[in-house]
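Reading through the structure tokens given below for one structure.
In what follows, chains are A, B, ... by sequence order, proteins preceding strands, each numbered from 1.
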Amino acid sequence: MNQDNGPKFAELVQEYVKQIPEGMVMTYGQIAALSGNAGAARIVGGLAHFGNPEFPWQRVVNKNGGLASGYPGGRKGHKKALEAEGVFVSEEYKVNIKELIWHPNQS
DNA sequence: CGAGTGACCGCAA
DNA sequence: ATTGCGGCCACTC
């Protein structure tokens with residue numbers, strides 16, 4: 001049964017992802033923690049696959065700064081999507097997470 | 001309703 | 001620095 005009146009994890013995650021500015025990226029763990037479940041980083045990825053396809057999931061990367069494999073087109077498509085937004089992606093399919101990581105608290 | 005799954009993370013050799 | 005394993009929580013079928 002699902003009579004949760006409060007915000008669902010998926011809703012919060014999608015809200016955060018939707019608010020990620022262009023050219024920036026966030027980690028699954030961070031979004032999960034901000035959503036209230038630090039140990040639910042996997043769920044964030046799972047939601048990405050079943051969530052709204054219009055969401056910028058491409059701006060969501062793992063703690064290593066590496067792109068995901070379930071993205072439509074594989075990491076290749078993911079890399080192209082990020083580069084299309086101005087995000088530099090290395091040949092190893094990794095972004096400069098240290099510089100492109102975005103904190104919701106910081107503008 | 002029950003069980004399986006997953007675009008992960010952290011720690012340990 | 002790399003590799004391997006388990007655990008974690010919510011969503012979907």
If you compare all heavy atoms of A/Leu34 against all heavy atoms of A/Met26, which two are closest, and at what distance to 0.1 Å?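 Nearest pair, atom of A/Leu34 first, then A/Met26: CD1-CE, 3.6 Å.
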For the student: nearest non-hydrogen atoms of A/Lys79 and A/Ser90, plus distance: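 Closest pair (atom of A/Lys79, atom of A/Ser90, distance): CE-O, 3.7 Å.
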If you pin A/Arg42 and A/Glu11 to their nearest nucleotides in DNA chain C, which one's is more 5'?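 Here A/Arg42 is the residue nearer the 5' end.
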Ring pair (Phe, Tyr, Trp, His ring centres under 6.0 Å) against A/Tyr16, all qualifying residues, sequence neighbours excluded: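 By the ring pair (Phe, Tyr, Trp, His ring centres under 6.0 Å) rule, A/Tyr16 matches no residue at all.
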So [X], base contact, sugar-phosphate only, or nothing? Heavy-atom distance under 4.0 Å.
X	result
A/Phe50	sugar-phosphate
A/Ala10	sugar-phosphate
A/Gly45	base

Listed once per pair and sorted, the salt bridge (charged side-chain N to carboxylate O under 4.0 Å, His left out) pairs that draw on residues 91-106 of chain A, sequence neighbours left out: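 Listed by first then second residue: nothing to list.
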Tell me: [atom1] of [X] to [atom2] of [N], nearest whole Å?
X	N	atom1	atom2	value
A/Asn52	C/dT12	CG	P	13 Å
A/Tyr71	B/dG6	OH	P	20 Å
A/Leu34	B/dC8	CG	P	18 Å
A/Lys8	C/dT12	NZ	C1'	12 Å
A/His49	B/dG6	NE2	C1'	9 Å
A/Phe55	C/dC11	CZ	C1'	16 Å

Of the listed nucleotides (C/dA10, B/dA7, B/dC8), which one gets closest to any side-chain atom of A/Phe9?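 Selected nucleotide (nearest to the side chain): C/dA10.
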Can you name the residues that form a salt bridge (Lys or Arg N to Asp or Glu O under 4.0 Å) with A/Lys18, not counting sequence neighbours?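 Per chain and number, A/Lys18 pairs via salt bridge (Lys or Arg N to Asp or Glu O under 4.0 Å) with A/Glu15.
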For residues 37-56 of chain A, which side-chain N or O atoms pair as donor and acceptor with protein atoms under 3.5 Å away, sequence neighbours left out?
{"from": "A/Asn52", "atom 1": "OD1", "to": "A/Glu54", "atom 2": "N", "distance (Å)": "2.8"}

Who passes side chain to side chain contact (heavy atoms under 4.5 Å, CB included) against A/Leu12, sequence neighbours left out?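 If we apply the side chain to side chain contact (heavy atoms under 4.5 Å, CB included) test to A/Leu12, skipping adjacent residues, the hits are A/Pro7, A/Ser35.
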With sequence neighbours left out, write down each residue that passes side chain to side chain contact (heavy atoms under 4.5 Å, CB included) with A/Glu22, or none if nothing qualifies.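 Checked A/Glu22 against side chain to side chain contact (heavy atoms under 4.5 Å, CB included); matches are A/Arg59, A/Glu85.
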Protein N or O to nucleotides 9-13 of chain B N or O, pairs below 3.5 Å:
{"from": "B/dC9", "atom 1": "OP1", "to": "A/Lys63", "atom 2": "N", "distance (Å)": "2.7"}
{"from": "B/dC9", "atom 1": "OP2", "to": "A/Lys63", "atom 2": "N", "distance (Å)": "3.3"}

Pairs involving residues 76-107 of chain A, ordered by first then second residue, that meet ring pair (Phe, Tyr, Trp, His ring centres under 6.0 Å) (sequence neighbours left out):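 Sorted pair list: A/Tyr71-A/His78.
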Of all of residues 84-101 of chain A, which get a heavy atom below 4.0 angstrom from DNA chain B, listed by number?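 Within this stretch, nothing sits under 4.0 Å of the strand.
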